[in-house]
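Here the structure comes first, spelled out in structure tokens, and everything after it is commentary.
These numbers come from a predicted model, not from an experiment. Below, chain A is the first sequence line, B the second, and so on; all start at residue 1.
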There are 2 protein chains.
Amino acid sequence: MPTATEKQYTIGDFANAVGLSAPTLRYYENEGLIEPHRHDNGRRYYEEADINWVKFLLHLKGTGMSISELKQYVQWRAQGDATIPERLALLQQVKRDFLVQFNEVQHHLQILNDKINWYEEKEAGVTTDHESFRAYLDRFGHHE
Amino acid sequence: MPTATEKQYTIGDFANAVGLSAPTLRYYENEGLIEPHRHDNGRRYYEEADINWVKFLLHLKGTGMSISELKQYVQWRAQGDATIPERLALLQQVKRDFLVQFNEVQHHLQILNDKINWYEEKEAGVTTDHESFRAYLDRFGHHE
DNA sequence: GGTTGACTTAAAGTGCACTTGAAGTTATAT
DNA sequence: ATATAACTTCAAGTGCACTTTAAGTCAACC
């Protein structure tokens, strides 16, 4: 049973589909992250499956992986199942780093929220004239 | 009642105390974020309160504020209470942007976790030989 | 069939947030 | 007293992830 001929995307359409610019796609290709097909005239074309691949890469990138880490991951992947332990170890390390950052960033948000509340209450005349932000924070048990 | 003479930090000691390098502190000063005192010989010194100030700036920075946004915030702050509405609006915008990013990043983590689990199960021989990652994701209802 | 827009490569440029270097002064320890 | 370490300014350099430019080829529309 022959599958329907796959839709072919120009680099411009593909860029639109994945939310990147065409130059960025060429840059990623240069870095070895993507390998589009070529028409006889030299022009690139992309297929449906490439969309999923790029979106997956962007998820990994969004967890904090650099281009060179992605490149390493992709190289291992091209070498087949023998490199699964390496890939798994890399992703686990990325996850650990991510979680550390995630906790820090939540703390930053806490302080930002406190400051916003402080300004809002100050505007509404709720805090006493000379209460400092630090004293205010202390009331909530936040430190640093 | 005279308060105990405040401890004075050299730029090196202060850098240590706040977790930045001395050049970075000079850079921040250049950008108008910090204003240390000076000894008669021209050398900078910092006091306890400066530690809290820098740590607060680093919290704001950690929520995604750029150096130039911090600069704007600091300038408004120097202009007194009249600029509280501007400062509040800025921080509220920062918070909105932060929360958007925060949601996205949680989704990225979800995909990373799925991929790690997929590798772990594959290593343990749990998934069927030819199940694709996408099919695996679909079992959990994750998309994109 | 000509104009407009999308594509091609390779190299150079950008923006951010620092970091490093050069050249010199000052403080501290032996 | 002298070595060494920390400070000073100002300018230039770095790393990352793109973005822009230049010079040219190709495709689609009227």
Completion exercise
Sorted by chain and residue number, the side chain to side chain donor-acceptor pair (under 3.5 Å) partners of B:Glu35 (sequence neighbours excluded) come out as none
Exercise for the section: Provide, to the nearest angstrom, the distance between the CZ atom belonging to A:Arg26 and the P atom belonging to C:dA6. Expected result: 12 Å
Handout entry: side chain to side chain donor-acceptor pair (under 3.5 Å) involving A:Glu31 - partner list, sequence neighbours excluded
Key = A:Lys71
Handout entry: Gap between atoms CD and C1', on A:Glu29 and C:dA10 respectively (whole Å)
Key = 14 Å
Handout entry: Spacing of A:Arg38 atom CZ relative to C:dT8 atom P, expressed in whole Å
Key = 6 Å
Handout entry: Base versus backbone protein contacts along nucleotides 15-25 of chain D [heavy-atom cut-off under 4.0 Å; B, S, -]
Key = --BBSB----B
Completion exercise
A:Phe14 CZ to C:dA6 P, in whole Å, measures 18 Å
Exercise for the section: Calculate the interatomic distance between B:Asn41 atom CG and D:dT8 atom P; express it in whole Å. Expected result: 9 Å
Practice task
Under the ring-ring contact (aromatic ring centres under 6.0 Å, His included) rule, collect the residues that match up with B:His108, sequence neighbours excluded.
Solution key: A:His59
Exercise for the section: Find the distance B:Asn16:CG to D:dA6:C1' and express it as a whole number of Å. Expected result: 13 Å
Problem - Interatomic distance, A:Ile11 CD1 vs D:dC26 P [rounded to whole Å] - result: 17 Å
Exercise for the section: Scan A:Arg44 against the nucleic acid and name what it touches under 4.0 Å (heavy atoms): base, sugar-phosphate only, or nothing. Expected result: sugar-phosphate
Exercise for the section: Under the side chain to side chain donor-acceptor pair (under 3.5 Å) rule, collect the residues that match up with A:Tyr28, sequence neighbours excluded. Expected result: none
Exercise for the section: Round to the nearest Å and state the distance from B:Leu25 atom CG to C:dC18 atom P. Expected result: 11 Å
Handout entry: Side chains of B:Gln92 and A:Glu120, donor plus acceptor under 3.5 Å
Key = yes
Exercise for the section: Using the test side chain to side chain donor-acceptor pair (under 3.5 Å), find all partners of B:Tyr119 that sit at least two apart in sequence or belong to another chain. Expected result: A:Tyr73, A:Arg87
